[in-house]
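Scope of the values below: all heavy atoms of this structure, side chains included, with no hydrogens, waters or symmetry mates.
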Amino acid sequence: MALALYNTLTRRIEPFQPLAPPRVTLYSCGPTVYNFAHVGNFRTFLFVDLLRRWLEASGYDVFHIMNLTDVDDKIIKAAGERRTSIDDLVKPFIDAFFEDRDYLRIVPAHVYPRATEFVEPMIRLVQGLLDKGVAYRGEDGSVYFGIARFPAYGRLSQLDTRELKIGASGRTSADEYDKDNAQDFVLWKAARPEDEAVSAAWDAPFGRGRPGWHLECSAMALELIGQRYQTQVLDIHTGGVDLIFPHHEDEIAQSCAFTGQDLFAKYWLHGEFLNIRGSKMSKRFGNITTARDLKADGVEPAGFRLLVFQTHYRQQLDLTDEALTAAREGARRLGDFADRFDTASVTKPDPTSPWAGLAATLANEFAAALDDDLNAPRAVAAAFEFVREANRLLDERIAPTPAAKTAWDAVDRVLAVAHRAQARAEIAASALDADPAALGDQVPEDPAARLGWASRWSARRATAKRSRDFALADQIRVRLKEAGFELRDRRDGSAELVDRR
RNA sequence: GGCGCCGUCGCCAAGUGGUAAGGCAGAGGUCUGCAAAACCUCCAUCCGGCGGUUCGAAUCCGCCCGGCGCCUCCA
């Protein structure tokens, strides 16, 4: 079994064969940092996270680049309104993006190049295209890419260029720029006073201006993989489906025209959209949900990850309260198992143990699922089946083998969908009452103090149970539940205290 | 108008020619002073509709119905 991925370029699932294994160069289109990234953005980044983790788990040596678009129309507009530079505008959003990324347990890329830090390579790229005659200066001073000079144009999006309905999206007007051909795209935009006002203009041999949107990805990718590996072709390029056209189409055009290579990236992977209650997120509908909103609502990252991974990355995903609740409960169950499994003592390797077959099934099914174009829903199903069987064996007090632990850990490492409890404490059957003054009605904020508080109450309850004062015991249970604690009694009178907050 | 996707259990969602994974919810049970957790059993003879191809179709083809995306700067 080997990894196969759906390649937008060929519209087929292809065996994954990197250009120079075990190295894999991975370029991901990142956020435009003029606002907080929303859950739709993060769905795409989670798909990339899964790809990254699975490539590494499969033994590849991945070099992962994710760009940050820190200069574009919206950023310039916002900076102008706030009378600040684009750099000052963007900084807090970059910080926020990294915070959100960490919150969602997304493995950081190796580099996060910012467009404004790569203006020199961009200028070289534009100059190269001018020299080759595929780019031209418009009368407005901007530089455009002439798609008529690049026969392969349209290969990725499979759009017949003659059929493009100009302005069909309603987002632009055809006469917005001074172009030879309506489908030509801008490489370098001549500087306007608004750009100068927010420090979004650079000198170039072909005129002062700023980069067009598509330019940065080509320039940064070529620069970074060129420096590091002396190559001009990426193994994988990722993004959301909306980037297929025109963004990625244009990247290919300008990159390949510049390098003379047939490919800019060997594999193009695109993640589908996440919608909210049936419709696309947009400012117009006022239905933008950010990662911070999830955090504020107390949604555990594992729950959100599970929700995302329970749908294949090439299928649209509808975010609803019910779906989120269901995923959170699933993540909780996986987390409870993970905690339990972590603390279970292990036997020596034993091929005759019932764990042996379980471990093998999990490892095989998990790998087969992800190798099949990152079929995460199937991989998740394998995890759940393992958890059910494993819980049964643990219930029967059959200790797991090292192989079982290894298999589960690998799954947990790639998916990270198990929501472990904040904290747990053991309450002995013989627990003694604490000093009544130490009990306290107020639940402390500090996590350790919280657990201490709940433990003392649990001890109080244990003594109440011993004296068969069940009314008091139940009262304490209710009070602990309200504070976010779950108490699991055992037959022997001991109990486990779980912090669910 | 062009390119493309989807419609599978109450909800979510795999499966894309060989006779329906998984999750959540629900019902019953084991355990239990109670309550959880965990486990066991049950929960789609059927995959939007109608035709067709085939020994065999949720899976292929056609038509219809319904939902959605992209078509120049949105992940």
Please classify the nucleic acid contact of [X] as base, sugar-phosphate, or nothing, using heavy-atom distances under 4.0 Å.
X: A:Q315; value: sugar-phosphate
X: A:L487; value: base
X: A:L307; value: nothing
X: A:T325; value: nothing
X: A:G40; value: base

Out of [options], which nucleotide sits closest to the side chain of [X]?
X: A:R488; options: B:U72, B:A36, B:A75; answer: B:A36
X: A:P246; options: B:C6, B:U72, B:A75; answer: B:U72
X: A:R461; options: B:C24, B:C39, B:G33; answer: B:G33
X: A:H38; options: B:C39, B:C74, B:A75; answer: B:A75
X: A:D242; options: B:C24, B:A38, B:C74; answer: B:C74
X: A:T311; options: B:C73, B:C74, B:A14; answer: B:A14
X: A:F245; options: B:G69, B:A37, B:C71; answer: B:C71

Set of residues satisfying salt bridge (charged side-chain N to carboxylate O under 4.0 Å, His left out) with respect to A:R137, sequence neighbours excluded
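By the salt bridge (charged side-chain N to carboxylate O under 4.0 Å, His left out) rule, A:R137 matches no residue at all.
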Of all residues at least two apart in sequence or in a different chain, which pass the salt bridge (charged side-chain N to carboxylate O under 4.0 Å, His left out) check with A:R333?
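For A:R333 there are no salt bridge (charged side-chain N to carboxylate O under 4.0 Å, His left out) partners, ignoring immediate neighbours.
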Taking only residues two or more places apart in sequence, or in another chain, which ones meet [X] in a ring-ring contact (aromatic ring centres under 6.0 Å, His included)?
X: A:F118; value: none
X: A:H247; value: A:W213, A:H214
X: A:F304; value: none
X: A:W202; value: none

Members of residues 470-480 of chain A that approach RNA chain B, where some heavy atom sits under 4.0 Å away:
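Hits under 4.0 Å, by residue number: A:F470, A:D474, A:R477.
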Can you see if the side chain of [X] gets near the phosphate of [N] - specifically, an N or O under 4.0 Å from OP1 or OP2?
X: A:N375; N: B:G15; answer: yes
X: A:S157; N: B:C70; answer: no
X: A:R332; N: B:A38; answer: yes

Considering only the [atom1] atoms, how many Å lie between [N] and [M], rounded to the nearest integer?
N: B:A44; M: B:C9; atom1: C1'; result: 5 Å
N: B:G10; M: B:G69; atom1: C1'; result: 28 Å
N: B:G49; M: B:G67; atom1: C1'; result: 15 Å
N: B:C65; M: B:G23; atom1: P; result: 38 Å
N: B:G18; M: B:C24; atom1: P; result: 28 Å
N: B:G52; M: B:A57; atom1: C1'; result: 12 Å
N: B:U59; M: B:A27; atom1: C1'; result: 33 Å
N: B:A37; M: B:C74; atom1: C1'; result: 45 Å

Sequence neighbours excluded, the answer for side-chain hydrogen bond (donor to acceptor under 3.5 Å, both in side chains) partners of A:R340 is A:N391, A:D395
Are any side-chain N or O atoms of A:K405 and backbone N or O atoms of A:F341, one a donor and one an acceptor, separated by less than 3.5 Å?
yes
Do other residues, nucleotides or ligands put more than 12 heavy atoms under 6.0 Å from the CZ atom of A:R397?
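12 or below, so no.
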Compute whether any side-chain donor of one residue and acceptor of the other, for [X] and [Y], lie under 3.5 angstrom apart.
X: A:E216; Y: A:T69; answer: yes
X: A:D250; Y: A:Y153; answer: yes
X: A:E329; Y: A:T325; answer: no

Where each residue is assigned the nucleotide of RNA chain B containing its nearest heavy atom, which of A:E486 and A:K465 is assigned the position nearer the 5′ end?
A:K465
Mapping A:D318 and A:D395 onto RNA chain B by nearest heavy atom, which one lands closer to the 5' end?
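Its nearest nucleotide being more 5', the pick is A:D318.
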Counting only Watson-Crick or G-U wobble pairs whose two distances fall under 3.5 Å, which nucleotide matches [N]?
N: B:U41; answer: B:A27
N: B:U59; answer: none
N: B:G69; answer: B:C3

Spacing between A:F485 atom CZ and B:A36 atom C1', to the nearest angstrom
15 Å
Can you check nucleotides 18-22 of chain B for protein contacts, nitrogen or oxygen pairs under 3.5 Å, and list what you find?
| residue | atom | partner | partner atom | Å |
| --- | --- | --- | --- | --- |
| B:A21 | O2' | A:E385 | OE2 | 3.1 |

